[in-house]
Enquirer: 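Before we start, here is the structure in question, set down as structure tokens.
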Amino acid sequence: MADLDLQEIHDFLISIAQEAGEMITAAYPTTSASGTKKNSADLVTETDRAVEKMVSTSLRQKYPHIAFMGEETYSPGDLLTSSPTFIVDPIDGTTNFVHRHPYVSISLGLAIALVPTIGIVYNPFTRTLYSGIRGRGAFRNRTTPLPLTTPPPPFEDLSSCLVAVEWGSDRSGNDYKVKSQTFTRLCAAKEEGGAMVHGLRSLGSAALNLCAVATGELDVYWEAGCWAWDVCAGWVILKETGGMIVDANPGNLEPRVDGRRYMAVRGGEGQKRIVEEFWGLVEGKFEVGL
Ligand code: IPD
């Protein structure tokens, strides 16, 4: 494949995100127009499907040689390869969308050789656009460079951090236990073996969580169970701000984009210490993605 024009692809993805945003804000999802996938907490709406159709049609027309992976058309067993691949979540935060809670985004990523390389995340309700190209920086609304504070403040320890976590839609078994016990430990007082973080947030969009870590509005985001389309775009934006993305299980500093276990830490002196401190608090080990 000839060299890809990353800037052109980035600009095209922004135009698609804006078109998708109009579809999303014009839609009136109701629980009767939505459906469930795996269980009653794993929602999909007609708008998710319609947006993915529009995105995949536009991308296949303009870039027929670039592979496509989308949340609503993924089948178990579809593997992400090292070929350039668009990785798309038409609505990240579907549960919020159904409830009309405005923490919703469209997430458009491009991975090359499995490395997230272009990321566009757009919240059409707040009209906030995050974008980045690997090696070329990340921006909010195209002009504000990220992170918002430069240099980012140094870390003390987890007790001064605002941490995002997600409950996800799997509500039983080992991984649910790892999450819920770790959440308790993150919040608990230090005398009781906890980290006593400033607060835990469970906001409902992995892509926007990653962007909030990139801007510096969150310090850490930890989740297992989400998918490449939830994180590919935000990953680029985060890394371009000096943020780290590592495994949610202790030990692996180089997770795969489709590894399904992630911890993001904003840029700032001491970020590796935060990773180690957090890993030391994880209660057990996630099985997803192993
Ligand atoms: C979900 C969101 C949520 C995360 C879930 C994802 P969806 O994506 O990103 O924050 O906890 O794991 O599935 O289903 O709204 O596209």
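Just follow the structure's listing: the first ligand is 1, and inside any ligand the first atom is 1. Owing to the predicted nature of the structure, the values given are computational and were not obtained by experimental measurement. Scope of the values below: all heavy atoms of this structure, side chains included, with no hydrogens, waters or symmetry mates.
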Enquirer: Asp89 heavy atoms, cut-off 4.0 Å: which ligand 1 atoms fall inside?
Expert: 16 (O)
Enquirer: Counting from 1, what ligand 1 atoms have a heavy atom of Cys226 closer than 4.0 Å?
Expert: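 Contacts of ligand 1 toward Cys226, numbered from 1: 12 (O).
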Enquirer: Between Ile91 and ligand 1, is there a nitrogen or oxygen pair with a distance under 3.5 Å?
Expert: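 Indeed, backbone or side chain, Ile91 has an N or O that close.
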Enquirer: Kindly state whether the ring of Phe278 and the ring of Trp222 have centres lying under 6.0 angstrom apart.
Expert: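 Yes.
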Enquirer: Heavy atom under 4.0 Å from ligand 1: found in Asp92's side chain, backbone, both, or neither?
Expert: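 Both parts.
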Enquirer: Minimum heavy-atom separation for Cys211 to Ile237, with atom names?
Expert: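 Smallest heavy-atom distance, with atoms named: SG-CD1, 4.1 Å.
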Enquirer: Quick check on contacts: which atoms of ligand 1 are under 4.0 angstrom from a heavy atom of Ser205?
Expert: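 Those atoms are 9 (O), 10 (O).
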Enquirer: Looking only at protein heavy atoms, which one is nearest to atom 14 (O) of ligand 1, and how far off is it?
Expert: Glu71 OE2, 3.5 Å
Enquirer: Can you tell me if Tyr176 and Gln181 form a side-chain donor-acceptor pair at under 3.5 Å?
Expert: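 No, no side-chain donor-acceptor pair sits under 3.5 Å.
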Enquirer: Donor-acceptor pairs are to be reported for all side-chain atoms of residues 187-195 against protein atoms at under 3.5 Å, with residues two or more places apart or in another chain.
Expert:
| unit_1 | atom_1 | unit_2 | atom_2 | d |
| --- | --- | --- | --- | --- |
| Lys190 | NZ | Asp157 | OD2 | 2.8 |

Enquirer: For ligand 1, is any non-hydrogen atom under 4.0 Å from Thr94's backbone (N, CA, C, O), its side chain (CB onward), both, or neither?
Expert: both
Enquirer: Identify, for atom 10 (O) of ligand 1, the protein heavy atom at the shortest distance, and state residue, atom and that distance.
Expert: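 The closest one turns out to be Gly204 C, 3.1 Å.
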Enquirer: Would you mind listing which atoms of ligand 1 come within a distance below 4.0 Å of any non-hydrogen atom of Ala206?
Expert: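 Near Ala206, the atoms of ligand 1 are 2 (C), 9 (O), 10 (O).
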Enquirer: Less than 4.0 Å between a side-chain N and a carboxylate O, is that true for Lys179 and Glu287?
Expert: no
Enquirer: Please name the pair of heavy atoms, one in Glu71 and one in Pro90, separated by the smallest distance, quoted to 0.1 Å.
Expert: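 So the two residues come closest at CB-CD, 4.2 Å.
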Enquirer: Apply salt bridge (charged side-chain N to carboxylate O under 4.0 Å, His left out) to residues Glu240 and Arg140 and explain how you reach the verdict.
Expert: CA-CA 12 Å; Glu240 284 306 302; Arg140 189 168 75 183; over 6 Å; no
Enquirer: Note the single closest protein heavy atom to atom 13 (O) of ligand 1, along with its residue, its atom name and the distance in Å.
Expert: Asp230 OD2, 3.8 Å
Enquirer: Would you please name every residue forming a salt bridge (Lys or Arg N to Asp or Glu O under 4.0 Å) with Asp219, sequence neighbours left out?
Expert: Arg266
Enquirer: List every atom of ligand 1 that sits less than 4.0 Å from any heavy atom of Glu223, numbering the atoms from 1 in the order shown and giving each element.
Expert: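 Those qualifying, in numeric order: 4 (C), 5 (C), 11 (O), 12 (O).
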